[in-house]
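Read the structure below first, then the notes.
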Amino acid sequence: MATDETKVLQESYPMNGGDGKVSYARNSFAQRTSVDASKKFISEAIADLLDTELNPILDSSNRFQIADLGCASGPNTFYAVQNIIDAIDRKYSMIKHQKSQALEYQVFFNDHVNNDFNTLFRSLPSPRRYFPVGVPGSFYGRLFPKDSIHLMHSSNSLNWLSRVPKDVGDINSPVWNGDSIYCTGTVKEVVEAYSSQYKKDMNNFLNARALELVAGGLLVLVLGGVPNGVSLNQTGIGKDYEIIGSCLVDMANKGLISKEKVKSFNLPLYYSSPNEIEKLIEDNGSFSIERMETFPGKGKLIYNSQMWTMIVRAALEAIIRNHFGNEMVEELFGYYSKKHMDNVSIFNGDDVISLLHLNIVLKRKN
């Protein structure tokens, strides 16, 4: 039976599994840009902040334990893990009384229980410097024993909420988000519902990690955000969500899907501002913010429409299937690809604001 610490009830819609043409494994190069963009930041943070003298940062076995939270089915998780291991090796190679070759790495790959771990482990790089372990479960609850992990990393995952906020899909609720499928940032009641869910999720996340990391252990977060004072509907990704929403409305008007289903559909995605996430971490109190870096991502969707459709489908298909059923998926993404192509100029407007890359390094307080 699950304990209160490990039992988490949440919605779980993984990235598309397998290695076929609409799989996440073959259509996640947009997310790869975040991994690449954070490489230097993470390497420098490990060099400066990882405390090799701290007991019990390493036990007598010289085992160094790393967890990647929200690994999906690869391959980006492997790039991120290798970047981390390379940085740790460099850190220890500069310490005369330690030999980096003596470290044994154990890497825990975590995602939802219905993530495609089979594809993930079939595509493990070889040779590799670490012993891989799969850890199914939501990272909004406990995943590991206390004081067991030295460094945790999460990239492109913490924008996903544990669930759609309560009542935003209820037509009879005052917080009904009937005019959109996402949190545009323009309707106060909807923003408050999404922000409240995000705060709850992040507090659960930070509280769990504070128990699992060793004292002084590092928590590295890479996620998307909006600039302070900017609404998501002003960004390229917001405009993209609006295209998806308009396709759903078009299909409902043609009688292909239920209008009621469209009115109740919302994406469990939230993009915080730097000020919001900084305050949330400080209020939680479990971690010190050692470094925080923000810089604009690519504001324009530079991929061709067919390619971008595959990226979007790999990420959102499971959510859409769960809400609308299987029959409409092919037709929806056919509509979406054409509408994206017909409206690609909107992403290049001077009024389109870039999402931010947020790179954050936290250290567990003693």
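We number each residue from 1, following the sequence as shown.
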- Task: Please examine the side chains of H357 and T294, heavy atoms only from C-beta on, and report whether any two atoms are closer than 4.5 Å.
- Result: no

- Query: Does the pair D116 and R122 meet the rule for a salt bridge (Lys or Arg N to Asp or Glu O under 4.0 Å), with working shown?
  - Reply: CA-CA 10 Å; D116 186 1; R122 278 199 302 267; 5.1 Å; no

- Task: Would you confirm whether S123, through its side chain, and T119, through its main-chain N or O, come within 3.5 Å as a donor-acceptor pair?
- Result: yes

- Please round to the nearest 0.5 Å and tell me the distance separating atom CD1 of I181 and atom SG of C247. 9.0 Å

- Under the side chain to side chain donor-acceptor pair (under 3.5 Å) test, which residues partner K279, sequence neighbours left out? D283

- Task: To the nearest 0.5 Å, tell me how far K146 NZ sits from L211 CG.
- Result: 6.0 Å

- Query: When hydrophobic residues are tied together by side-chain contacts of less than 4.5 Å, even through go-betweens, does M307 share a cluster with L316?
  - Reply: yes

- Note on the structure: Looking only at heavy atoms, the pair that brings V226 and L355 closest together is CG1-CD2, 3.9 Å

- Message: Testing the 3.5 Å rule here: is there a donor-acceptor pair between the side chains of N275 and S273?
- Response: no

- Task: Please assess Y140 against N207 for the test side-chain hydrogen bond (donor to acceptor under 3.5 Å, both in side chains), listing each intermediate value before the final yes or no.
- Result: CA-CA 9 Å; Y140 290 123; N207 290 339; over 6 Å; no

- Query: Under 30°, 30 to 60°, or over 60°: which ring-plane class applies to F109 and F121, parallel, tilted or perpendicular?
  - Reply: perpendicular

- Item | Pair D86 + R129: basic N to acidic O under 4.0 Å | no

- Note on the structure: All heavy atoms of Q65 vs all of I149, minimum pair found to be O-CG2, 3.5 Å

- Message: Checking K339 against S246: is there a side-chain donor and acceptor pair closer than 3.5 Å?
- Response: yes

- Message: Whether R313 and E330 form a salt bridge (side-chain N of Lys/Arg under 4.0 Å from carboxylate O of Asp/Glu) is what I want to check.
- Response: yes

- Could you tell me whether K365 atom NZ has more than 12 heavy atoms of other residues or ligands within 6.0 Å of it? yes

- Are any of the side-chain nitrogens in E212 or R209 under 4.0 Å away from the carboxylate oxygens of its partner? yes

- Per the side-chain hydrogen bond (donor to acceptor under 3.5 Å, both in side chains) rule, which among D68, N110, N156, D111 passes with T77? D68

- State the CE-OH distance between M202 and Y270, to the nearest 0.5 angstrom. 11.5 Å

- Closest non-hydrogen atoms of A318 and P14, given as atom of the first, atom of the second and distance, are CB-O, 3.4 Å

- Message: Tell me if a side-chain donor or acceptor on Q106 pairs with a main-chain N or O of R63 at a distance below 3.5 Å.
- Response: no

- Query: Do S345 and F347 come close enough that some side-chain heavy atom pair is under 4.5 Å?
  - Reply: no

- Cluster link L161 to L280, ILVMFWY, side chain under 4.5 Å: yes

- The side chain to side chain donor-acceptor pair (under 3.5 Å) partners of N204 (sequence neighbours excluded) come to none

- Item | Worked verdict on F144 versus F139 for ring pair (Phe, Tyr, Trp, His ring centres under 6.0 Å) | CA-CA 10 Å; F144 307 101; F139 55 47; over 10 Å; no

- Message: Determine whether the aromatic ring centres of residues Y271 and Y198 are separated by less than 6.0 angstrom.
- Response: no

- Query: What is the distance from atom CD of E192 to atom SG of C183, rounded to the nearest 0.5 Å?
  - Reply: 10.5 Å

- Query: Can I84 be reached from Y79 by stepping across I, L, V, M, F, W or Y side chains whose heavy atoms are under 4.5 Å apart?
  - Reply: no

- Query: What about F265 and M328, same hydrophobic cluster or not, with Ile/Leu/Val/Met/Phe/Trp/Tyr joined at side-chain heavy-atom distances under 4.5 Å?
  - Reply: yes

- Query: Which is it for S288 and E290 under the side-chain hydrogen bond (donor to acceptor under 3.5 Å, both in side chains) test, yes or no, and what are the steps along the way?
  - Reply: CA-CA 6 Å; S288 59; E290 298 294 319; 2.6 Å; yes

- Query: Would a distance-only check, ignoring hydrogens and angles, find a side-chain to backbone donor-acceptor pair under 3.5 Å from T186 to T184?
  - Reply: no

- Message: With a 3.5 Å distance limit and no angle check, can you tell me whether T33 reaches the backbone of A30 through a side-chain donor-acceptor pair?
- Response: yes

- Message: Restricting to salt bridge (Lys or Arg N to Asp or Glu O under 4.0 Å), what partner residues turn up for K338, sequence neighbours left out?
- Response: D342

- Taking S264 for its side chain and K261 for its backbone only, find out whether a donor-acceptor pair lies under 3.5 Å. yes

N/O donor to acceptor pairs below 3.5 angstrom from side-chain atoms of residues 214-225, sequence neighbours left out:
none

- Message: Could you go through R291 and D48, starting from their C-alpha distance and side-chain angles, then the distance that decides it, and tell me whether this counts as salt bridge (Lys or Arg N to Asp or Glu O under 4.0 Å)?
- Response: CA-CA 11 Å; R291 291 189 181 177; D48 296 341; 2.4 Å; yes

- Message: For N253, is the CG atom crowded, meaning more than 12 foreign heavy atoms sit under 6.0 Å from it?
- Response: yes

- Query: Are any side-chain N or O atoms of W176 and backbone N or O atoms of K263, one a donor and one an acceptor, separated by less than 3.5 Å?
  - Reply: yes

- Item | D201 side, atom CG; F205 side, atom CZ - distance, nearest 0.5 Å | 11.0 Å

- Note on the structure: Rounded to the nearest 0.5 angstrom, the CD1-OG distance for I237 and S354 is 12.0 Å

- Query: For Y182 and Y241, what are the C-alpha separation, side-chain angles and deciding distance, and is it a ring pair (Phe, Tyr, Trp, His ring centres under 6.0 Å)?
  - Reply: CA-CA 7 Å; Y182 74 106; Y241 294 155; 5.3 Å; yes

- Near-ring test Y105/F131, centroid separation under 6.0 angstrom: no

- Contacts satisfying side chain to side chain donor-acceptor pair (under 3.5 Å) that involve residues 16-29 (not counting sequence neighbours) are N16-E317, S28-N76

- Item | Smallest separation among heavy atoms of L213 and D147, with atom names | O-OD1, 3.4 Å

- Short question: side chain of K91, backbone of L50 - any donor-acceptor pair under 3.5 Å? yes

- Query: Side chains of I320 and L332: closer than 4.5 Å at any heavy-atom pair?
  - Reply: yes

Going by atom type alone, with no hydrogens or angles, which donor-acceptor pairs under 3.5 Å involve a side-chain atom of residues 36-43 and a protein atom two or more places apart or on another chain?
unit_1: D36; atom_1: OD1; unit_2: R32; atom_2: NE; d: 2.9
unit_1: D36; atom_1: OD2; unit_2: R32; atom_2: NE; d: 3.4
unit_1: S38; atom_1: OG; unit_2: S34; atom_2: O; d: 3.0
unit_1: S38; atom_1: OG; unit_2: V35; atom_2: O; d: 3.1
unit_1: K40; atom_1: NZ; unit_2: E44; atom_2: OE2; d: 2.6
unit_1: S43; atom_1: OG; unit_2: K39; atom_2: O; d: 3.0
unit_1: S43; atom_1: OG; unit_2: R90; atom_2: NH2; d: 3.3

